[in-house]
Amino acid sequence: MLQVYVCNAPKQDLELTIESLMQSSIVREIVVLCRCGESCEISGMKVLEIDTLFSSKTMAKIYNDCPTSSFVFYTKSTPLYLSQFALERMAQVANDTLADIVYADHYVVKNNQKLPSPTIDRQLGSVRDDFDFGSLLYISKNQQNDDFGNYNYAGFYSFWLKRKTIRIPEFLYTEVEVDTRNSGEKQFDYVNPRNREVQLEMEAAFTSYLQTIGGCLDSKKMQEVNLLEKEFSVEASVIIPVRNREKTIADAVNSALNQTTNFKYNIIVVDNHSTDGTTEILQQLARENAQLIHVIPDQMDLGIGGCWNVGIHHDSCGRFAIQLDSDDLYQSKHTLQKIVDKFYEGNYAMVIGSYTMTDFEMNIIPPGLIDHKEWTDDNGMNNSLRINGLGAPRAFYTPLLRKINVPNTSYGEDYALGLRIGREWKIGRIYESLYLCRRWEGNSDAVLSIEKVNSNNRYKDFLRTIELMSRLNQK
């Protein structure tokens with residue numbers, strides 16, 4: 001028999017959830033989780049008072065309250081609708097696999113439409129705190145005497161990091177989605193300054209986990225690079241991969257051409273066989289500006305990473321390869337100078353800046369400045385495994401990047417480099433805004449389907465898996 005824990009909710013919504021749960025023959029009792037000061041509007045229900053839903057105290061309270069060997073945790077306050085024998089199926093899989101946590105694919109009701117919401121399998125590198133299990137979890141109390149930590153927000157995260165989990169690729173329930181924002185808006189929640197306190201706790205919980213499994217790096221062992229080991233004709237190259245950006249490419253190139261520096265630099269635009277007029281715009285700009293090198297690669301199968309490889313291996317590439325996306329702009333004419341100065345300040349292998357979110361007309365939009373303060377000199381190389389990005393613009397010491405090379409993908413290639421470089425070499429950070437990141441309908445990540453979001457997340461989890469395996473294998 002199962003104890004079920006549900007969030008407090010308006011009476012009508014809570015009644016719908018309870019009605020659905022009670023259709024299962026294995027439900028023993030339903031307990032409503034109420035925050036301090038809240039009251040349950042349904043009389044006769046057992047109530048467990050909590051502080052925050054995902055705190056360590058809440059997890060410990062549930063464990064201590066639950067009289068059964070397993071329980072179900074529903075983490076949303078909107079109505080839950082179970083599919084046929086859903087809880088029985090979850091119990092069966094938990095018993096057969098001895099998994100600590102079982103989760104499943106499901107449906108979501110969004111804007112009055114019922115849509116499939118598949119999850120993804122958890123792998124070794126699935127350690128980001130926003131991993132999506134869905135809202136219905138079957139949890140077995142396989143470890144009775146557990147240390148839940150002392151977290152206000154990261155209690156559940158700390159809990160599941162250490163647990164064996166298994167996904168059921170079957171649609172076992174329907175939930176109501178209240179966050180109807182596009183994927184391009186949601187992806188920056190974790191860097192919103194309002195969530196800083198939460199992120200610090202998540203970092204502490206994750207670092208503790210890394211220490212437990214032996215995957216934590218020591219910042220004191222990060223290497224510097226000899227930036228003057230080789231001569232270059234120019235000090236820096238701005239690398240711009242592009243395909244079909246006739247509306248934005250001239251703005252991007254001109255923001256690079258307008259830089260004021262005390263060193264020589266050039267701009268290498270790798271035009272990935274554009275078909276919309278981008279090529280003609282670049283040809284004209286190259287005729288007018290000797291600093292601009294317009295390259296059309298021979299290969300037809302290149303992603304953004306492959307285009308980067310063409311740029312960094314070009315004979316004209318400078319000592320530092322500095323990123324600029326084809327629909328973004330440098331914020332001021334001093335951006336390149338600040339980046340290069342930062343390299344020499346610490347003999348860094350990579351430098352990462354900060355950027356400001358804008359609309360197409362360069363008006364600032366929420367959350368504004370993205371400074372990725374979750375990267376610190378002391379723990380950035382570890383915390384980078386937990387988060388989804390490291391910032392922009394990104395710049396690299398070219399000789400090292402030529403040895404590593406860039407994965408030939410169009411998503412996550414920059415993150416892969418940050419993880420790989422951060423494993424051995426020092427990375428410098430600039431926390432002031434250097435870059436304007438334009439959000440518009442042409443952005444490749446502005447509005448993504450659930451399938452594409454899952455594909456992206458699966459790939460980044462794979463990159464984390466590689467990084468963790470490397471760290472553990474070197475112990």
Side-chain angles (χ1 to χ4, degrees), residues 1-9 14 16-33 45-46 48 50 53-56 58-108 116-123 126-127 129-146 148 155-177 454:
M1 298 295 286
L2 279 176
Q3 195 90 336
V4 181
Y5 294 86
V6 302
C7 296
N8 194 17
L14 188 55
L16 290 171
T17 296
I18 292 171
E19 179 184 354
S20 181
L21 288 166
M22 291 307 298
Q23 292 175 9
S24 172
S25 61
I26 63 172
V27 171
R28 176 186 180 275
E29 185 179 34
I30 298 174
V31 181
V32 180
L33 302 173
M45 295 298 300
K46 180 179 176 179
L48 188 66
I50 62 171
L53 183 61
F54 297 120
S55 72
S56 299
T58 295
M59 294 308 302
K61 270 193 170 185
I62 291 175
Y63 251 62
N64 293 330
D65 174 79
C66 180
T68 57
S69 60
S70 301
F71 63 91
V72 167
F73 188 19
Y74 178 54
T75 62
K76 281 193 172 180
S77 56
T78 53
L80 168 71
Y81 305 95
L82 293 177
S83 301
Q84 184 186 56
F85 299 121
L87 297 186
E88 288 82 355
R89 178 61 168 154
M90 297 179 92
Q92 180 187 59
V93 170
N95 291 333
D96 289 345
T97 63
L98 299 181
D100 300 309
I101 300 176
V102 175
Y103 63 106
D105 294 353
H106 50 280
Y107 296 100
V108 295
S117 184
T119 55
I120 62 175
D121 292 310
R122 187 176 168 212
Q123 52 184 297
S126 301
V127 292
D129 57 76
D130 64 349
F131 185 86
D132 185 14
F133 293 103
S135 57
L136 187 69
L137 299 125
Y138 184 105
I139 300 175
S140 298
K141 294 169 61 178
N142 295 330
Q143 302 180 42
Q144 296 291 339
N145 300 316
D146 196 3
F148 293 98
F156 180 61
Y157 175 52
S158 175
F159 171 80
W160 70 252
L161 273 174
K162 298 172 282 188
R163 295 304 187 282
K164 176 183 176 182
T165 61
I166 192 164
R167 165 187 171 234
I168 302 177
E170 302 164 11
F171 293 86
L172 295 188
Y173 62 97
T174 299
E175 62 182 29
V176 177
E177 178 59 68
N454 283 345

Chemist: Taking the six-membered ring for Trp and the full ring for Phe, Tyr or His, determine whether the centres of Phe148 and Tyr63 are under 6.0 Å apart.
Modeler: yes
Chemist: Counting distance only, does the side-chain N/O of Ser83 pair as donor-acceptor with the main-chain N or O of Ala86 below 3.5 Å?
Modeler: no
Chemist: Nearest 0.5 Å, please: how far is CE in Met90 from CD1 in Ile166?
Modeler: 11.0 Å
Chemist: Report yes if some heavy atom in the side chain of Glu177 is under 4.5 Å from a heavy atom in the side chain of Lys76; otherwise report no.
Modeler: yes
Chemist: One pair to check against side chain to side chain contact (heavy atoms under 4.5 Å, CB included): Thr58 and Lys61. What are the steps and the verdict?
Modeler: CA-CA 5 Å; Thr58 295; Lys61 270 193 170 185; 5.6 Å; no
Chemist: Hey, what do you get for CG (Leu172) to CG (Leu136), rounding to the nearest 0.5 Å?
Modeler: 8.0 Å
Chemist: Roughly how far, to the nearest 0.5 Å, is the CG atom of Leu82 from the OG1 atom of Thr174?
Modeler: 9.0 Å
Chemist: Say you draw a straight line from CG of Leu80 to CD of Glu175; how long is it, rounded to the nearest 0.5 Å?
Modeler: 8.0 Å
Chemist: Looking only at side-chain N and O atoms, does Thr119 offer a donor or acceptor that is under 3.5 Å from a partner on Asp105?
Modeler: yes
Chemist: Decide yes or no for Asn454 and Asp132: does some side-chain heavy atom of the first lie under 4.5 Å from some side-chain heavy atom of the second?
Modeler: no
Chemist: Could you report the tightest heavy-atom contact between Tyr157 and Asp129, atom names first, then the distance?
Modeler: CE1-CA, 3.4 Å
Chemist: Arg122 and Thr165: which non-hydrogen atoms are nearest, and at how many Å?
Modeler: CD-OG1, 3.1 Å
Chemist: CZ of Phe131: more than 12 outside heavy atoms within 6.0 angstrom?
Modeler: yes
Chemist: Return the OG to CG distance between Ser140 and Leu98, rounded to the nearest 0.5 Å.
Modeler: 8.5 Å
Chemist: Where is the tightest heavy-atom contact between Ser135 and Tyr173, given as atom of each residue plus distance?
Modeler: N-OH, 3.1 Å
Chemist: By side-chain hydrogen bond (donor to acceptor under 3.5 Å, both in side chains), which residues pair with Asp65, not counting sequence neighbours?
Modeler: Tyr5, Lys46
Chemist: Could you tell me which non-hydrogen atom of Asn142 sits nearest to which non-hydrogen atom of Ala99, and how far apart they are?
Modeler: ND2-O, 3.6 Å
Chemist: Taking all non-hydrogen atoms of both residues, which atom of Asp121 and which atom of Ser126 are closest, and how far apart?
Modeler: O-OG, 4.1 Å
Chemist: Any side-chain heavy atom of Phe156 within less than 4.5 Å of one from Leu53?
Modeler: no
Chemist: Apply side-chain hydrogen bond (donor to acceptor under 3.5 Å, both in side chains) to Tyr103 and list each qualifying residue two or more places apart in sequence or on a separate chain.
Modeler: none
Chemist: Kindly list each side-chain donor-acceptor pair under 3.5 angstrom involving residues 21-32, sequence neighbours excluded, with atom names and distances?
Modeler:
residue, atom, partner, partner atom, Å
Ser24, OG, Ile26, N, 3.4
Ser24, OG, Glu88, OE2, 3.0
Arg28, NH1, Gln3, OE1, 3.0
Glu29, OE1, Gln3, NE2, 2.9

Chemist: Identify the two heavy atoms, one from Leu33 and one from Ile62, that lie closest to each other, and give their separation to 0.1 Å.
Modeler: CD1-CD1, 4.1 Å
